[in-house]
Amino acid sequence: MLKYFLGSYIVTAVGLVLAYLWGEHVHHGTGLACVFIAFVLAVLEISLSFDNAVVNAMKLEGMSEKWRHRFITWGILIAVFGMRFLFPLLVVAIFAKLSILKVLNMALNDVNEYAHYLHLTHAPIVTFGGAFLLMLFMDYFTEEGKKVHWIKFIENRLQRLSKYQGVCTVVTLALLGLLMLKIAPDARSSVFMSGLAGIVTYLAIDGLAEWLERRQEAKAKQCANAVKCSGLVGFLYLELIDASFSLDGVLGAFALSQDILIITIGLCIGAMFVRSLTIMLVEKKTLDQYLYLEHGAHWAIGTLAILMFVSTFHEVPEVVTGLLGLIFIVSALISSIIHRRKNEG
């Protein structure tokens, strides 16, 4: 365990020290409060991301050791400084039509105004993530030739949809259209375009990955180049999945703190533990041992996608999202253990 989580422990220690120092710098005597908030944010990030770790492990199993290492090193930098720090600043800068330096100054010195602008962008942001994750959910359960089913009476019917070309896109667009009925007229355009962008982004990344796989199989002489490219595409694919998962967490973090640095520290600690867990799942072949774990993770993803859509017009507490995801993961784990014992018996 220490082998996999040593880096996470180090990041935790450094992060909590920085949270304390920053709290004392901003207002003397608030250091311990900032440490507590950062710790709670880290725990929430971890609890909300078990399904993310399982999906990441699925993708990493087909990647080389080099790209797995890059997922931990480069990936954590993108996840923390890109999604947890820079992304919220960019979103506010775009929607408020301000320079990013002004937004950064606002985030550090006028947190109430910054939080107000970020709240206004909530619906388009989570719609993008919800559409992307719903495509991922549908694509997994409508895979042609899929033989293993967990919730059979539903998953069998979902797989039958595989005979219809573009069914994942059609279902996602249909739900996006229904969502428009709940969205205020002045926000419909931005929300719909964000959802459409989520669908297009998924199709582009998934299509490129499939093309590279076919190229690798068809042209053995170009195998090295194909592997290199597929590793890069797989890495980008994982980062987009991680970004979609983190959208609601980043926005929800402002319910606990409006200090962007404390939020970044807390989410950074959580993201590091999730990546360490992902590597452990891959190297210990956990997904091979627990047959239905992937299914549980994807049911959690589908639930998260729907809840992200719902959150555009009705507040959804993070505890609800976390608990539902955890229920699917734990249930799938228990079912996998029962199945394995039956086979061994």
Side-chain angles (χ1 to χ4, degrees), residues 1-12 42-76 78-80 83 133 136-137 139-141 143 146 148-150 209 230-231 233-246 249 267-304 321-341 343:
M1 294 293 289
L2 185 61
K3 168 189 173 184
Y4 298 108
F5 292 97
L6 178 61
S8 299
Y9 295 141
I10 293 172
V11 169
T12 300
V43 173
L44 284 174
E45 176 77 0
I46 295 167
S47 65
L48 289 169
S49 301
F50 278 107
D51 43 2
N52 190 5
V54 174
V55 174
N56 286 348
M58 288 171 51
K59 302 300 178 183
L60 280 177
E61 282 184 343
M63 295 171 68
S64 67
E65 186 67 31
K66 179 175 69 174
W67 281 103
R68 290 180 191 176
H69 177 73
R70 287 175 177 174
F71 176 70
I72 284 289
T73 52
W74 299 359
I76 195 65
I78 294 172
V80 174
M83 280 307 302
L133 291 178
L136 178 61
F137 167 82
D139 199 28
Y140 179 78
F141 285 111
E143 181 183 347
K146 194 175 184 63
V148 178
H149 301 293
W150 178 38
S230 61
V233 172
F235 175 82
L236 294 174
Y237 188 59
L238 283 173
E239 290 304 313
L240 276 169
I241 291 175
D242 177 77
S244 298
F245 271 102
S246 68
L267 297 182
C268 167
I269 294 171
M272 189 65 191
F273 271 97
V274 172
R275 273 165 167 67
S276 299
L277 177 61
T278 298
I279 295 298
M280 187 184 75
L281 291 175
V282 172
E283 295 190 356
K284 286 186 173 291
K285 304 293 182 183
T286 304
L287 298 183
D288 294 336
Q289 299 173 39
Y290 300 102
L291 186 64
Y292 302 124
L293 203 54
E294 292 179 12
H295 297 72
H298 281 84
W299 277 110
I301 287 170
T303 303
L304 174 60
T321 305
L323 280 176
L324 287 176
L326 194 59
I327 287 170
F328 278 115
I329 295 292
V330 172
S331 299
L333 182 62
I334 294 171
S335 297
S336 300
I337 293 171
I338 293 172
H339 179 270
R340 190 173 66 177
R341 287 179 177 174
N343 288 346

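Predicted model, so just to flag it, every value in this text is computed and none were measured.
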Query raised in the report: Between Val11 and Met272, which heavy-atom pair has the shortest distance, and what is it?
Result: CG2-CG, 4.0 Å

Query raised in the report: If you measure from OG1 on Thr303 to CZ on Phe137, what distance do you get to the nearest 0.5 Å?
Result: 7.5 Å

Report summary line: Taking every heavy atom of Trp150 against every heavy atom of Ser335, the minimum-distance pair comes out as NE1-OG, 3.0 Å

Query - Nearest heavy atoms of Ala300 and Gly325, plus distance in Å - result: CB-CA, 3.8 Å

Query raised in the report: Is the shortest heavy-atom distance from the side chain of His149 to the side chain of Phe141 under 4.5 Å?
Result: no

Query - Test applied, side-chain contact (heavy atoms from CB on, under 4.5 Å); reference residue, Leu333; option that passes from Ile338, Leu293, Val54, Thr286 - result: Leu293

Query - Backbone of Lys284 reached by a side-chain donor or acceptor of Gln289 within 3.5 Å - result: yes

Query raised in the report: Aromatic rings Tyr140 and His298: how do their planes relate, parallel, tilted or perpendicular, breaks at 30° and 60°?
Result: parallel

Query raised in the report: In Å, rounded to the nearest 0.5 Å, how long is the span from CD of Glu294 to OG of Ser336?
Result: 9.5 Å

Report summary line: One should read off an interatomic distance between Ile334 CD1 and Tyr290 OH, to the nearest 0.5 angstrom, of 11.5 Å

Query - Considering all heavy atoms, the nearest Ala57-Leu281 contact - result: CB-CB, 3.8 Å

Report task. Nearest 0.5 Å please: distance from the CD1 atom of Ile301 over to the CG atom of Leu133. Result -> 6.5 Å

Query - Atom pair CZ (Arg275) and OG1 (Thr278), whose distance is rounded to the nearest 0.5 Å - result: 7.5 Å

Query raised in the report: For the atom pair CG (Leu277) and OH (Tyr4), what is the distance rounded to the nearest 0.5 Å?
Result: 11.0 Å

Query - For the student: nearest non-hydrogen atoms of Gly296 and Ala332, plus distance - result: CA-CB, 3.6 Å

**Report entry** Plane angle bin for Tyr292 and His339 - parallel if under 30°, tilted between 30 and 60°, otherwise perpendicular
**Finding:** perpendicular

